[in-house]
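So the structure is just underneath, and the comments pick up after that.
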Amino acid sequence: DLACFSMGKARDQEVKEFLDKLGSIIPDQTVVLITRGEYGALVSWQGQVFNVGAKRGVKAVDTLGAGDAFITAFSIHLAKLGWRKGLKRL
């Protein structure tokens, strides 16, 4: 399973608290993808958290849909590699 969330500009502590609460209601095998705007994104799976930093030095003209595009690309990548193999390559 894949659960995707947008947390805008949430700080690390806010994300940690969210993941702690979420962990009590979803299966451990669920991949959690959180986009955080200019702070990048993170993936949580089986208690591990992987941070994906945002690209710096790029002047964004319009960020509308950027998180959706990222989630789509991420999902396609995992689907092509297979969930387990794709996650191990993070």
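Note that the structure is predicted; figures quoted are calculated from it, not measured.
Rounding to the nearest 0.5 Å gives a distance of 7.5 Å between CG of Leu2 and CG of Leu78. Interatomic distance, OG of Ser6 versus CZ of Phe70, reported as 12.0 Å (0.5 Å rounding). We find the CD1-CD1 distance between Ile34 and Ile71 to be 10.0 Å, quoted to the nearest 0.5 Å. Rounding to the nearest 0.5 angstrom, the gap separating the CD atom in Gln46 from the OG1 atom in Thr30 is 10.0 Å.
Nearest heavy-atom pair across Ala54 and Gly37 is CB-O, 4.3 Å.
Listed for the Trp45 side chain is a donor-acceptor partner under 3.5 Å among the backbone atoms of Gln29.
Val15 and Leu33 fall into different hydrophobic clusters, defined by Ile, Leu, Val, Met, Phe, Trp and Tyr side-chain heavy atoms under 4.5 Å apart, directly or through other members. Val32 and Val49 fall within a single hydrophobic cluster, where Ile, Leu, Val, Met, Phe, Trp and Tyr side chains are chained together by heavy-atom contacts under 4.5 Å. Phe5 and Val31 are assigned to two separate hydrophobic clusters, defined by single-linkage of ILVMFWY side chains at heavy-atom distances under 4.5 Å.
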Identify each donor-acceptor pair in which a side-chain atom of residues 17-25 lies under 3.5 Å from a protein atom, sequence neighbours left out, and give them as a table.
unit_1 : atom_1 : unit_2 : atom_2 : d
Glu17  : OE2    : Gln13  : NE2    : 3.2
Asp20  : OD2    : Lys16  : NZ     : 3.2
Ser24  : OG     : Lys21  : O      : 2.7

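Residues meeting the side chain to side chain donor-acceptor pair (under 3.5 Å) test with Asp12, sequence neighbours left out: Arg36. Legend: residues meeting side chain to side chain donor-acceptor pair (under 3.5 Å) with Glu38, ordered by chain and number and at least two apart, are Lys9.
Using a 4.5 Å heavy-atom threshold, the side chains of Phe74 and Thr35 count as separate.
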